[in-house]
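What's counted below: heavy atoms across the whole structure, side chains too, no hydrogens, waters or symmetry copies.
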Amino acid sequence: MNETPDEIIDDTLTGSGLVAEKAKRLAKVDEIRTSGQEPYPYRFDRSHTLAEVRAEHGTIEAGTETDVHVSVAGRMMLKRDGGKLIFANLRDRSDQIQLFISKAVVGEDAFVAIADLDLGDWIGVEGVVMATRTGELSIKVRSMVLLAKAMRPIPDKWKGLTDTDTRFRQRYADLIVNEEARRAFQIRHTMISSFRKTLTDHGYIEVETPVLHMEAGGAHARPFITHHNTLDLDLYLRIALELHLKRLIVGGMERVFEIGRIFRNEGMSTRHNPEFTMMESYQAFADVSDIIALTEELITNAARDALGTTVVDLGGEMVDLSQPWRQVRMIDLVAEATGVEVHPSQPVEQLRELAAKYDVKCAPRWGSGKIIEELFEATSEHLLIHPTFVTGHPVEISPLARVDRTDPFLTERFELFMVGREFANGYSELNDPVEQRLRFENEQAAKDAGDDEATGVDEDYIRALEYGMPPTGGLGVGMDRVAMMLAGVSSIKEVILFPTLRPEVL
RNA sequence: GCGCCUCUAGCUCAAUGGUAGAGCAGUGGACUUUUAAUCCAUUGGUUCUGGGUUCGAGACCCAGGGGGCGCACCA
């Protein structure tokens, strides 16, 4: 190396790779500091969001200028330099508006500073609202301050980012350039806030229960295991919200819900992320029929709030959610699909034979109820495009649900399906502590037999039930899937800001 | 975990086994009503990594890595 450091710097400053680009922008920051300006000021007072500017003045006549002064802030997304006149596009969260920068108005120094901005820089401007000759609403800039210098170039100004790896790893960059990504997360936000409103309107109160569990109960799933040092105790990240929320019903809170992250140590796919968001709600004195009605209301309201319509695209078919949703028993769907009547009271051998016809492989310990569910999944689930409440799940696969008041082999339970996917699950809650203990013991037996998704006996939960839980209806909704449905996307990663990915090799 | 596809400039994409290119971004210049501004000039490469075949590899082969899709898993 016989180059002097100066020569090296000169070299990077004349190149245009990423390293050179960053070096140029760092040099600009130095220049700004040298000139007595602050490249990263602490705050900026804005008078309007861009959407407010548009709402208040969007209709002014082409070629006119108001005397309305505004201060706005955002990221500079485009710049069209015209010698003594610069047009730039400024974007904030709410909207995008054109900036009209005239050398004669801002003066020589400010004009040079603006011309020297890079796409992606955060700026605040003060000026008057106007419309150009072509009618484009603009802000005639009188002064500009840099709010934060961008060191890296933003991705392609009109094709955005397409590489899914980069989009999910660098979500910040995705959000800067991809309008659809911003839209999906706006829909997700509106949906969640709609759920909160519907529930609180019904007298529910929002609670928070532990993420760290002694026993990973409330669902069948492999848990993540972690360790608490002080207690020297292995703990599980929750796989469901259910058991703690029902303890609160025992405590007399009557109507509770939680929207929370749960964790399942299982495969990842377009529909599965290891951590995802569940909404669970429990209502004293209610049964499954009340919960079915609530579920319809929650999802229909969410569509109306997030999309402005109850008509949604379900796998290419436009469906009005405000129409009544179908209810059908799981055993009836299986009978419909196979032409054979099925019931969990049947001998397991009969169902095994039927399962074999449909290529459903049965584990030796499965009973009739579990096989019926597998048959349902193999033959019927994927056909349920329109919203459908599948009801009457066998007792064997529903350890926390109450037995159907007319059929001791079934439970008062439903799962909601749309586009062939499960969205929600609810039931009349089992509140008899003696029966609950028996159900847990069956689970324990399955666990002992090697089922690593089965749960053990939750003694504290039994103790809670022994204090008395009123009749209760409960619900669980996979919020990510509702968001996917409303946003019209086919991958769960499109509605999770930072989906789980393998570590990046830098 | 298995199968198929994919990875080239900051971004979006090209390139019969034969000198790695374009558009945007960047840099220099012209322009006071642009809209992905336009026009002229121009810089920029570990072709994911490591091996191999070949006179010659971005391309073909092997191994590894990231991602996508499908299957499995997910009551």
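Backbone-only engagement by A:D165 is indicated by non-hydrogen atom pairs under 4.0 Å involving sugar-phosphate atoms exclusively. Contact annotation for A:R413: base contact, defined as any heavy-atom pair under 4.0 Å involving a base atom.
Regarding A:K157, its NZ atom lies at a distance of 13 Å from the P atom of B:G23, rounded to whole Å. Taking atom CZ on A:F87 and atom C1' on B:U35, their separation rounds to 9 Å, with Å as the unit. One interatomic measurement links the two molecules: CD of A:E61 to C1' of B:U33, which rounds to 16 Å at whole-angstrom precision. Distance, A:I492 CD1 to B:C69 P: 12 Å, rounded to whole Å.
For the side-chain contact (heavy atoms from CB on, under 4.5 Å) with A:D118, the lone residue among A:K24, A:M76, A:R25 that qualifies is A:R25.
Judged by distance alone with a 3.5 Å cut-off, no donor-acceptor contact links the side chain of A:D118 to the base of B:G26.
Side-chain contact between A:V128 and A:V141 is absent, with no heavy-atom pair separated by less than 4.5 Å. At a threshold of 4.5 Å between non-hydrogen side-chain atoms, the residues A:E374 and A:K361 do not count as touching.
Nucleotides B:G44 and B:G28, compared at atom C1', are 15 Å apart to the nearest Å. With both ends at atom C1', the span from B:A59 to B:A14 equals 13 Å, rounded to whole Å. Between B:A25 and B:C13, the distance separating the two C1' atoms is 14 Å to the nearest Å.
Proximity of the aromatic rings of A:F100 and A:F87 is defined here by a centroid distance below 6.0 angstrom, and this criterion is met.
Checking B:G58 for Watson-Crick or G-U wobble geometry (two distances, each under 3.5 Å) identifies no partner in any strand. Base pairing analysis places B:G70 opposite B:C2; the two distances defining the Watson-Crick or G-U wobble pair are each below 3.5 Å. Across all strands shown, B:A63 pairs with B:U49; the Watson-Crick or G-U wobble distances both stay below 3.5 Å. The partner of B:C39, taking Watson-Crick or G-U wobble pairs whose two distances both stay under 3.5 Å, is B:G29. Nucleotide B:C11 forms a Watson-Crick or G-U wobble pair with B:G23, both donor-acceptor distances falling under 3.5 Å.
Residue A:T270 places at least one side-chain N or O under 4.0 Å from the OP1 or OP2 atom of B:G70. Residue A:R169 has a polar side-chain atom (N or O) positioned under 4.0 Å from OP1 or OP2 of B:G67.
Of the candidate nucleotides B:U33, B:C31, B:G66, B:C31 has the atom nearest to the side chain of A:D81. Considering only the side chain of A:L78, B:A36 comes nearest among B:A36, B:U27, B:G66.
Looking at which nucleotide of RNA chain B each of A:R271 and A:G82 is closest to, the 5′-most match is held by A:G82. Nearer the 5' end of RNA chain B, as judged by each residue's closest nucleotide, is the contact made by A:K140, out of A:K140 and A:R502.
Checking side-chain atoms of A:R171 against main-chain N and O of A:I496 turns up a donor-acceptor pair under 3.5 Å. A donor-acceptor pair under 3.5 Å is formed between the side chain of A:N178 and the backbone N or O of A:L161.
Listed in residue order, the members of residues 127-137 of chain A having a heavy atom less than 4.0 Å from RNA chain B are A:T132, A:R133, A:T134, A:E136.
Around CG of A:D109, the count of heavy atoms belonging to other residues, nucleotides or ligands within 6.0 Å does not exceed 12.
A side-chain N or O of A:H48 and one of A:E56 form a donor-acceptor pair less than 3.5 Å apart.
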